[in-house]
Amino acid sequence: PNYEENRGWFHPTVLNKLVVLKGLIWEEELKVRDTLALAFFSILRDCSSLPMRKPYTYIADNVKPKPEDIVERDVLKIYLEKSKKLTAGRVAYEEQCTELMREQGISPQEFNQWLVVKKADARHLSEEISSTVDCVVTSPPYMGVTDNAGAHRLWYLWHDFGSTLQEDKMLEIGPRWKRKKQNLEQEYIEDMSKSLQQIVAVLKDGGYLCLIIGEPQRAKADILQEIVSLARKRLDLDVCRTYRRTIHKKWFAHPTGGVSVEHIAVFQRS
DNA sequence: CGGGCACCAGTCCTATGCGA
DNA sequence: TCGCATAGGACTGGTGCCCG
């Protein structure tokens with residue numbers, strides 16, 4: 001881990017415990033390592049000295065605790081709770097997979113060929129999978145709402161994900177840190193346009209795209225209309241249905257901004 | 001059954017950097 | 001030095017769940 005930077009976020013005792021914990025997890029056999037590693041990453045925020053009562057977008061900005069605010073946390077307790085939940089989730093998933101294999105009468109080897117996980121920028125998808133996909137379901141970033149890289153800033157201190165936080169931050173579509181930029185909307189629509197072009201390219205003829213789009217109240221333009229007209233005019237997509245749902249602000253009531261409306265749009269490649 | 005507290009695709013304000 | 005644009009920091013407050 002990056003000790004120098006981590007000392008600004010974690011109590012020394014917490015830091016030592018996390019180092020030992022990570023060592024133990026990474027020695028585990030592959031079958032369980034990923035689940036436990038996910039638990040490890042997801043407890044970093046709670047083990048840090050950041051105040052507990054903060055919205056998650058808050059850590060998107062660089063708010064390192066002051067030295068006098070560094071506090072100790074019960075690493076083992078937090079880890080055990082999290083890993084228990086995630087392991088239960090994994091077991092339930094495995095049971096569903098087993099059931100599916102039995103229903104379909106296929107072997108685990110065949111089943112594994114159904115599932116491929118790849119990491120890629122939606123604006124530059126692989127040509128290998130061109131015209132092979134039946135359906136794409138995606139919830140792209142809402143414009144100017146969240147810094148997804150920054151919200152995981154602590155993860156980058158513990159693992160090399162192949163790119164730096166700064167690099168990933170610059171690649172994000174419509175991030176929170178650009179929320180005051182005058183051409184935010186233009187940039188967002190351009191990036192969404194690139195992504196949609198790539199999605200259309202991987203879809204089979206007649207394949208479907210389901211898009212979930214948030215409508216930030218501060219947005220000047222009608223984001224859904226922009227996307228729909230883009231899909232109609234410049235891409236080979238027909239609009240099948242659009243649903244509109246209002247977000248009930250039961251957790252967080254604000255008189256002005258926020259995301260109050262979400263659209264679910266279903267397109268078909270013509 | 002009621003008080004406290006975690007939760008939240010939050011907002012608002014100001015320091016900073018840069019060009020004229 | 002001023003004005004503008006942006007990055008970063010400080011902070012709200014209602015709802016439901018949990019626990020005594």
Side-chain angles (χ1 to χ4, degrees), chain A residues 5 8-9 39 42-75 77-82 84-86 122 137-157 164-192 195 210-224 226-227 242-265:
Chain A
E5 183 63 15
W9 295 92
S42 59
I43 65 165
L44 287 177
R45 193 228 179 278
D46 287 349
C47 289
S48 79
S49 295
L50 280 166
M52 303 299 270
R53 304 187 53 169
K54 293 291 178 192
Y56 84 97
T57 48
Y58 186 63
I59 61 162
D61 285 338
N62 189 7
V63 276
K64 196 187 284 189
K66 294 176 191 132
E68 64 267 28
D69 292 334
I70 294 289
V71 288
E72 197 177 343
R73 308 279 190 202
D74 192 341
V75 176
K77 182 171 167 245
I78 297 171
Y79 173 73
L80 285 176
E81 277 173 14
K82 184 66 79 173
K84 204 186 279 180
K85 278 184 193 168
L86 287 173
V137 180
T138 180
S139 174
Y142 296 0
M143 190 181 70
V145 176
T146 305
D147 282 333
N148 283 296
H152 296 91
R153 65 173 64 252
L154 297 178
W155 295 32
Y156 288 83
L157 301 179
T164 65
L165 167 60
Q166 197 59 27
E167 285 164 357
D168 290 347
K169 181 179 165 176
M170 300 315 284
L171 290 174
E172 274 184 70
I173 295 175
R176 169 180 149 91
W177 68 270
K178 285 186 182 171
R179 66 196 184 278
K180 304 279 180 68
K181 282 186 96 163
Q182 295 215 317
N183 62 348
L184 169 68
E185 275 176 38
Q186 193 191 331
E187 267 186 41
Y188 181 76
I189 296 293
E190 275 171 21
D191 280 335
M192 287 300 294
S195 306
C210 176
L211 203 58
I212 299 158
I213 297 281
E215 195 84 56
Q217 279 190 34
R218 302 181 84 86
K220 294 181 208 88
D222 185 331
I223 301 294
L224 178 71
E226 296 262 359
I227 301 280
T242 62
Y243 306 85
R244 178 195 151 95
R245 65 177 181 193
T246 50
I247 299 175
H248 298 288
K249 293 206 164 295
K250 55 182 182 177
W251 297 113
F252 193 97
H254 273 285
T256 57
V259 179
S260 58
V261 175
E262 283 174 329
H263 302 285
I264 302 167

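In what follows, every chain begins at residue 1, and chains take the letters A, B, ... in the order their sequences are listed.
Nucleic acid contact for Pro175(A): none, since no nucleic acid atom lies under 4.0 Å from a heavy atom of the residue.
Applying the side chain to side chain contact (heavy atoms under 4.5 Å, CB included) criterion to Ile264(A), with sequence neighbours excluded, gives Cys210(A), Ile212(A), Tyr243(A), Arg245(A). The salt bridge (charged side-chain N to carboxylate O under 4.0 Å, His left out) test applied to Glu187(A) returns Lys178(A), Lys181(A), not counting sequence neighbours. For Tyr156(A), the ring pair (Phe, Tyr, Trp, His ring centres under 6.0 Å) test picks out Phe161(A), with sequence neighbours left out. Remark: Glu167(A) engages Ser163(A), Thr164(A) in a side chain to side chain contact (heavy atoms under 4.5 Å, CB included) (not counting sequence neighbours). Annotation: side chain to side chain contact (heavy atoms under 4.5 Å, CB included) contacts of Ala39(A) (sequence neighbours excluded): Tyr79(A), Lys82(A), Ser83(A), Leu86(A). By the salt bridge (charged side-chain N to carboxylate O under 4.0 Å, His left out) test, Lys169(A) is found to be paired with no residue, residues two or more places apart in sequence or in another chain being considered. By the side chain to side chain contact (heavy atoms under 4.5 Å, CB included) test, Glu190(A) is found to be paired with Gln186(A), residues two or more places apart in sequence or in another chain being considered.
Straight-line distance from the CG atom of Leu224(A) to the C1' atom of dA9(B): 17 Å, rounded to whole Å. In this structure, Asp147(A) atom CG and dG10(B) atom C1' are separated by 14 Å, rounded to whole Å. In this structure, Leu184(A) atom CG and dA9(B) atom P are separated by 19 Å, rounded to whole Å. In this structure, CG of Leu211(A) is placed 19 Å from P of dA9(B), rounded to the nearest angstrom.
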Exercise for the section: Any chance you could encode DNA chain B as dot-bracket? Rule is Watson-Crick or G-U wobble with both distances under 3.5 Å; [ ] for pairs crossing earlier ones, | for another strand. Expected result: ||||||||.|||||||||||
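Look at the P atom in both dT14(B) and dT12(C): the space between them is 15 Å, to the nearest Å.
Applying the 4.0 Å criterion to OP1 and OP2 of dG8(C), one finds that Lys178(A) has every side-chain N and O outside that range.
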Check nucleotides 3-6 of chain C for protein N or O atoms closer than 3.5 Å to its own N or O atoms and list the pairs.
unit_1	atom_1	unit_2	atom_2	d
dT6(C)	OP2	Lys180(A)	O	3.0
dT6(C)	OP2	Gln182(A)	N	3.4

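Of the inter-residue distances, the one linking Glu81(A) atom CD with Asp46(A) atom CG reads 9.5 Å to the nearest 0.5 angstrom.
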